[in-house]
*Asks:* 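Before anything else, here's the structure in question.
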Amino acid sequence: MTSFLRVLRACAISFLLVNAPAFAESKAEKKPAREAKEKKAAQEVEKASKAAKEEKPEAAKASAEKKEPKAAAEKPEAKEAKPAPPAPPSHTVKREPFKIQVDLDGVFEAPAMAEIVLRPKEWQGLTVLESAAHGAKVKKGDVLVKLDMEKIDRALDDLRAELKLGEIALKQAQEQFALLEKTTPLDLEAVERAQRIAEEDRKYYKEVGRPLSLKSQEMHMKFARLSLEYEKEELAQLEKMYKADDLTEETETLVLKRQRDAVERGEWSLKNMEIQNEKFLKTELPRQDQQMDENHHRRTLQWNKERVELPRNLNKARLELEKAKIQAARAEEKLHKMLADREAMVVKAPADGTVYYGRCKSGKFGEAPVFAESLRRHGNLQPNQVFMTVVEAGPLFVRASVAEEQLHKVSNGVEGTAAPTANPDLKWDAEVEEVSAVPTSPGSFDARLSVSPDKPAKQVVAGMTCKIKLTPYEKSDAVVVPPKTVFSDPLDEEEKFVYLLDKNNKAEKHPVKIGKQTDKQVEIRKGLKEGDKILLEAPKEE
């Protein structure tokens, strides 16, 4: 059968291939050509039919062979009956007591506590000589701690001596300032006068002294040249004269020799003068100019400096006087503070009560072992640190820490019970009075609960712990189901539903409204009633 279909498909394709050009030809195509093409197509169809007839018996035989084993294999299966599908696990809805309970760890705390702390304003050395024991009963005014006073008494003596020295320094500063107030104007006048004289000297040098020196040097050179000329002229006249007269040769020789020596001296004097003149012009005069300018510059700088420094020194003396006054006042104040610190170092009980070492933090005295070491003999206390607490007698309350995830369950007015750890049989009524608005530590809030003991328990004191059980919600006949039976809409988490079974055990989605829930129960407020059956698990998709 399959071969026959293939043959028919081939024939159809051939027919389309042959006739496709004929459909595209124009109407003017000749009829003999069309008839030849149609004849050829008919022959190809006839050949395909013969080939199909030859292949059909073989194909039918093969098809029959394939069907026989399949039919044989299906017969045994038809005889076996299919088992019934198992019933899905379900839960029958009931009305049961429903309660939300919050378990907290609490600490008993006294409402009236007096913290003992030393806040010295000056003194820092706090060495213990004697202290009241942890847990001791004290009366108001009893000495709680005796401290070593020897060092502070020495410091007070030193401070009194420093105060006297400060008074002397203050007096000296006052005298120094009074003197500067009188001498500073005089010094400023002297500075101005010295500057004026320096300006006058410089002006004289530039306008008179320097030109005079140049003129003097010029005249010296001129006189030296004229002197030499005079000597030379006189020698020439002598030589001319001696040639014409009848003087003896010896006299002539002597006079000429002297004149020639005079000419030679004149030449040497002129040469020496020229050297000195060159030195003066190139070396000495520039040096004088430089020295004069430098002296003038230095004098001007000194003048500017002293004009500023003299008033500044006066102002400095004024400030030093003010500083001396402030230091004297501070020393006096320090002495008063030290005396107050010494008086405060006699530590007394501010009220009747029980001594606890350390500070109460959230009802606990966790620092007691640390301060037991500090409060021993020769131990050291740190300033501004609560090292002892006097807990006054009276009714206790409970302080507890509430985790952030439990905060929505714990609010003012929620009631429960508190059982002291030391005596679990005691069950005291407890009620939440206050919950902190902000975290006291990361993820934790502080809660205060009042307790109403049936009878006073002497063995329960501040700092002891208890177990708290609060019941923020309770219903005696709530419709409840297991949490795993309630599902959420993927597109809306607020939309809840269950799979409700009908009479034929067919499950369908059924919307519900839930209320409170715990780890084991979910309250159903709307959508289910007692006796309904719901699936414990979501049905598997077919």
*Asks:* Could you walk me through whether H510 and L528 pass the side chain to side chain contact (heavy atoms under 4.5 Å, CB included) test, one step at a time?
*Replies:* CA-CA 9 Å; H510 186 71; L528 292 177; 4.1 Å; yes
*Asks:* Does a salt bridge link K516 with E523, judged by any charged N lying under 4.0 Å from a carboxylate O?
*Replies:*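 So K516 does not pair with E523 through a salt bridge.
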*Asks:* Does any non-hydrogen side-chain atom of M345 lie less than 4.5 Å from one of L126?
*Replies:*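 Answer yes - side chains close enough.
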*Asks:* Which pair of heavy atoms, one from E530 and one from K94, lies closest together, and at what distance?
*Replies:* CG-CA, 4.0 Å
*Asks:* Please find the pair of heavy atoms, one from Q521 and one from V480, that lie closest to each other, and give the distance.
*Replies:* NE2-CG2, 3.7 Å
*Asks:* Do L381 and L375 have side chains that approach each other closer than 4.5 Å (heavy atoms only, starting at C-beta)?
*Replies:*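 Yes, close enough: below the 4.5 Å cut-off.
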*Asks:* Test side chain to side chain contact (heavy atoms under 4.5 Å, CB included) on L129 and R377 and set out the steps.
*Replies:* CA-CA 5 Å; L129 295 180; R377 184 173 178 81; 4.1 Å; yes
*Asks:* Give the minimum heavy-atom separation between T354 and K137, together with the two atoms involved.
*Replies:* OG1-NZ, 2.8 Å
*Asks:* Report yes if the side chains of V128 and L147 come closer than 4.5 Å at any heavy-atom pair, otherwise no.
*Replies:*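 Yes, side chains in contact.
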*Asks:* Just do the side chain to side chain contact (heavy atoms under 4.5 Å, CB included) check on F98 and T518 with the steps written out, would you?
*Replies:* CA-CA 9 Å; F98 179 79; T518 65; 4.1 Å; yes
*Asks:* Mind listing the closest non-hydrogen atom pair of L321 and F177 along with its distance?
*Replies:* CD2-CD2, 4.1 Å
*Asks:* For K496, look at atom NZ and say whether over 12 heavy atoms of other residues, nucleotides or ligands are found less than 6.0 Å away.
*Replies:*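 Yes, enclosed.
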*Asks:* Of all heavy-atom pairs between I100 and K409, which one has the smallest distance, and what is that distance?
*Replies:*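 Smallest interatomic distance, heavy atoms only, reads CG2-CD, 4.1 Å.
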*Asks:* Could you give the side-chain donor-acceptor pairs of residues 323-335 under 3.5 Å, partners two or more places apart or in another chain?
*Replies:*
unit_1	atom_1	unit_2	atom_2	d
E332	OE2	H336	NE2	3.4
E333	OE2	K337	NZ	3.4

*Asks:* Are R359 and E115 ion-paired here, with the side-chain N under 4.0 Å from a carboxylate O?
*Replies:* yes
*Asks:* Sequence neighbours excluded and cut-off under 3.5 Å, please list the side-chain donor-acceptor pairs for residues 384-404, or say none.
*Replies:*
unit_1	atom_1	unit_2	atom_2	d
T389	OG1	G358	O	2.8
R399	NE	E109	OE1	2.6
R399	NH1	D446	OD2	2.6
R399	NH2	E109	OE2	3.4
S401	OG	S444	OG	2.4

*Asks:* So that I can tick it off, tell me whether D105 and K467 are bridged by a salt bridge, with the cut-off set at under 4.0 angstrom between side-chain N and carboxylate O.
*Replies:*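 Looking at D105 together with K467, the answer is yes, because their closest N to O distance falls below 4.0 Å.
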*Asks:* Are side-chain N/O atoms of D103 and Q101 paired as donor and acceptor at under 3.5 Å?
*Replies:*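 Short answer, yes.
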*Asks:* Specify the closest pair of heavy atoms between K506 and D502, including all atoms of both residues, with the distance to one decimal.
*Replies:* N-OD1, 2.6 Å
*Asks:* For R318 and N315, test the side chains for any donor-to-acceptor distance below 3.5 angstrom and give the result as yes or no.
*Replies:* yes
*Asks:* Please work out which of the three classes, parallel, tilted or perpendicular, describes the rings of F487 and Y499, given edges at 30° and 60°.
*Replies:*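 Perpendicular: the ring planes of Y499 and F487 meet at over 60°.
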*Asks:* Are any of the side-chain nitrogens in K529 or D532 under 4.0 Å away from the carboxylate oxygens of its partner?
*Replies:*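 Looking at D532 together with K529, the answer is yes, because their closest N to O distance falls below 4.0 Å.
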